[in-house]
Amino acid sequence: YGFPLKTYWTNVSRQSLAELSTQVCVACMGYLFTGYNNQIAPRTRFPILFLSASAINFSFGLTSAQERQKYFSSETWRFIDGGEQQLKDRVKQMWRVLFKACRRFKVRYPIAVPIGLSNFLEGFRGKYAVMLVYHEAMFEVLCEQSLQGAFNT
């Protein structure tokens, strides 16, 4: 299957599509708002790296209930035992994938403003706890040895 060890395949095969989607990053070089119909500024001298990664959906559709129960009590809307760390580990993996794409394209000044700012948390009572986890996870990943000196932050 293209996995170096059977344990990798076992881990992947046990995950839902929602879980797998948060471990994928689509990276594409391009220009922002150029052309006759939507140009708001002159074309930049160099292309921009656009990154797209899925956040965990706690608000919409069938998967949101499944995602919530992995980490939160449905009665108190607080983290279940180990839930906060499990969520942080998953979010850290998303950040690692994003930063790996940045390094691959030699990005020195990454900006990831909208990630973790509640687009998939609308109406969810644990919203602020999740937002905090997203940002703590990002800073912890940036402090990891493998990323030391990788970016100008």
Side-chain angles (χ1 to χ4, degrees), residues 1-35 38 40-41 43-72 79 82-124 126-153:
Y1 298 106
F3 296 95
L5 298 172
K6 186 177 180 179
T7 54
Y8 291 173
W9 165 246
T10 302
N11 181 37
V12 167
S13 66
R14 290 181 178 159
Q15 295 181 44
S16 69
L17 287 176
E19 289 171 313
L20 290 172
S21 72
T22 60
Q23 299 175 38
V24 173
C25 174
V26 177
C28 176
M29 297 298 287
Y31 296 91
L32 182 65
F33 294 121
T34 61
N38 60 2
I40 60 171
R43 182 175 169 157
T44 57
R45 198 168 117 198
F46 299 104
I48 297 167
L49 176 63
F50 293 95
L51 299 172
S52 178
S54 295
I56 301 168
N57 179 3
F58 288 105
S59 292
F60 309 106
L62 297 175
T63 59
S64 64
Q66 294 169 332
E67 294 290 356
R68 285 192 304 264
Q69 73 183 9
K70 291 177 193 174
Y71 310 107
F72 291 92
F79 284 111
E84 183 174 14
Q85 189 58 51
Q86 287 179 323
L87 177 61
K88 186 179 282 188
D89 290 344
R90 185 168 164 197
V91 172
K92 284 170 87 169
Q93 185 57 31
M94 180 209 62
W95 283 115
R96 287 184 189 106
V97 170
L98 282 167
F99 291 137
K100 182 178 181 180
C102 288
R103 289 184 78 178
R104 181 170 177 235
F105 285 92
K106 297 179 176 45
V107 171
R108 296 294 295 168
Y109 300 93
I111 299 172
V113 174
I115 296 176
L117 292 181
S118 78
N119 287 338
F120 291 113
L121 299 172
E122 196 64 41
F124 176 55
K127 168 180 182 170
Y128 295 107
V130 172
M131 292 168 70
L132 184 62
V133 166
Y134 266 85
H135 290 93
E136 284 179 353
M138 177 187 65
F139 290 117
E140 288 177 19
V141 169
L142 282 170
C143 290
E144 290 176 356
Q145 189 64 35
S146 62
L147 287 176
Q148 291 296 307
F151 305 113
N152 297 333
T153 55

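In this chain, numbering begins with 1 at the start of the sequence shown.
- Taking both residues in full, the closest heavy atoms of V141 and F99 are given as CG1-CD1, 3.8 Å, listed atom of the first, atom of the second, then distance.
- Taking each heavy atom of S59 and N57 in turn, the nearest pair found is N-OD1, 2.8 Å.
- Rounding to the nearest 0.5 angstrom, the gap separating the CG atom in L49 from the SG atom in C102 is 6.0 Å.
- Less than 6.0 angstrom separates the ring centroid of F72 from the ring centroid of F79.
- A distance of 13.5 Å separates CD1 of I48 from CZ of F105, quoted to the nearest 0.5 Å.
- Between atom NZ of residue K88 and atom CG of residue L132 there is a gap of 7.5 Å, rounded to the nearest 0.5 Å.
- A distance of 7.5 Å separates OH of Y134 from CG of L121, quoted to the nearest 0.5 Å.
- Distance check, rounded to the nearest 0.5 Å: CZ of F58 to CZ of R68 gives 9.0 Å.
- Here the side chains of I56 and L87 are in contact, with some heavy-atom distance below 4.5 Å.
- Q93 and D89 share no donor-acceptor pair across their side chains, judged by distance under 3.5 Å alone.
- Few gaps surround CZ on F50; more than 12 heavy atoms of other groups in view lie less than 6.0 Å from it.
- Interatomic distance, K92 NZ to E144 CD, rounded to the nearest 0.5 Å: 5.5 Å.
- Here the closest non-hydrogen pair linking Y71 and R90 is OH-NH1, 2.9 Å.
- When every heavy atom of V97 is checked against every heavy atom of V24, the shortest pair comes out as CG1-C, 4.2 Å.
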